[in-house]
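Indexing begins at 1, ligand by ligand and atom by atom, following the structure's order. For this chain, numbers begin at 1 and follow the sequence in order.
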Amino acid sequence: MNYNKKTVKDVDVKGKKVLLRCDFNVPQDKVTGEITSDKRIVAALPTIQYLLDNGAAIIACSHLGKPKNGPEAKFSLAPVAKRLGELVGKEVIMAKDVAGEDAKAKAAALKPGEILLLENTRFEKGETKNDPALAKAMADLVGPDGIFVSDAFGSVHRAHASTAGVAAYLPAVSGFLIKKELDFLGGAIGNPKRPLVAILGGAKVSSKIGVINNLLEIADTIIIGGGMSYTFSKALGGTVGTSLLEEDWLDYSKEMVQKAKDKGVKFLLPVDTVVGDKFAADAESKVVKASEIPDGWMGLDIGPETVKLYCDAVADAGTVIWNGPMGVFEFPRFAVGTKAVAEALSKTSAVTVIGGGDSAAAVEQLGYADKMSHISTGGGASLEFLEGKELPGVACLLDA
Ligand code: AMP
């Protein structure tokens, strides 16, 4: 896939209307509906400010939550319009629909320097079905000279009307958020500074199969931690007690270890593990050999020898990609391995790219966020990126 895409800087936006797909899927208080973190709105500001400064009129859109049956007040983007207005310091006009009469009228009247926010794109059934009629109706809002700017990285793995469909009708370029994601994620797997070390953790082998498979073609070293390491242990003849185990993936795990050998990729598995007598924050715990977990005990974190092994591998890396915690980091007693890896990444001179989701949250919680080269804003999207899949919301953008 080509990650080198045109950006807002490669097109003339002056006097034009721009349909801007953002990720305004913000967390909200269940009772009051108040936005509990405006991080995603703040993240969209550089592109919004650039467009305003360069004379564009912005028609912004996003999904919010998962409305199933059309418009529902609790999924309205109105609170986002208010917060965005406060952040940009100007009124954000709110449309009552996505591409209906109200949106059409307000879009037609919009002037350069103004911002219109459409209602939740998922209020339209055609959004998730990538219905060409909806895509065309949204594209029509910006008129014949209009431009589509995509800046919602968290949604690029979805072929929806507002993430990919509209690009069939408008010149499509990326905003600054997507540009940064493509530079770092694309750079890490497309043209990495070597050695490239991939650290993969999390609960299940089954959810990371595509990633392991693809990275075996690219990485110099693959490091496995977290719940999925026990399926590998068992496949290689170890005992795993009551640890997370995916019986259906034993053969696959063995194959992956063999594939790594054949390709000369270092494949590191835990040598020791911290086990607990139950899945609980206050579980009794001890360190055992990773291949000899006693009956009645479950692996909940990587052990101290493994921490050392993994941190050494990171220290010499040119590029590190990390996706998934090393243990049940939600329980402080079993967060040691995940913390140690985060700290090692904060100290290495390697380019460090953190996949979204739990590893990103761990790095942020621990205060290492500004020490990483890049923390992806898209969990699912970054995973599909690492799987080498074509992302519809990226593929639809004009090549640079
Ligand atoms: P994922 O969404 O696949 O990245 O998995 C993240 C989840 O994996 C976190 O909630 C962790 O608590 C969980 N996890 C990591 N290690 C283990 C383990 N050894 N046993 C059970 N769950 C784990």
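Of the charged side-chain nitrogens involved, at least one lies within less than 4.0 Å of a carboxylate oxygen, so that E86 and K82 count as a salt-bridged pair. The pair E127-R21 meets the salt-bridge criterion, with a side-chain N (NZ, NE, NH1 or NH2) lying under 4.0 Å from an Asp/Glu carboxylate O.
With hydrophobic clusters built from ILVMFWY side chains whose heavy atoms lie under 4.5 angstrom apart, L117 shares a cluster with L20.
Ranking protein heavy atoms by distance to atom 15 (C) of ligand 1, first place goes to G327 O, 3.2 Å. Atom 7 (C) of ligand 1 has D358 OD2, 3.8 Å as its closest protein atom, hydrogens excluded (heavy atom only). Closest to atom 23 (C) of ligand 1 among all protein heavy atoms lies V328 CG2, 3.5 Å. Of all protein heavy atoms, the one lying nearest to atom 16 (N) of ligand 1 is G227 N, 3.1 Å.
When each of I375, I354, I199 is paired with S359, the side-chain contact (heavy atoms from CB on, under 4.5 Å) condition holds for I354 and for no other. When each of D301, V274, I302, T306 is checked for a side-chain contact (heavy atoms from CB on, under 4.5 Å) with V287, only V274 meets the rule.
Ligand 1 has at least one atom lying under 4.0 Å from a heavy atom of K208. Using 4.0 Å as the threshold, F331 has no heavy atom nearer than that to any atom of ligand 1.
Looking at V205 and S253, their side chains come closer than 4.5 Å, going by heavy atoms from C-beta outward.
Residue-to-ligand polar distances place A203 within reach of ligand 1: an N/O pair is separated by less than 3.5 Å. Ligand 1 has an N or O atom lying under 3.5 Å from an N or O atom of G299, backbone or side chain. Inclusion of G201 in the set of residues having an N or O under 3.5 Å from an N or O of ligand 1 is not warranted. Residue-to-ligand polar distances place E330 within reach of ligand 1: an N/O pair is separated by less than 3.5 Å.
Side chains of T239 and E292: a donor-acceptor N/O pair is absent below 3.5 angstrom, by distance only.
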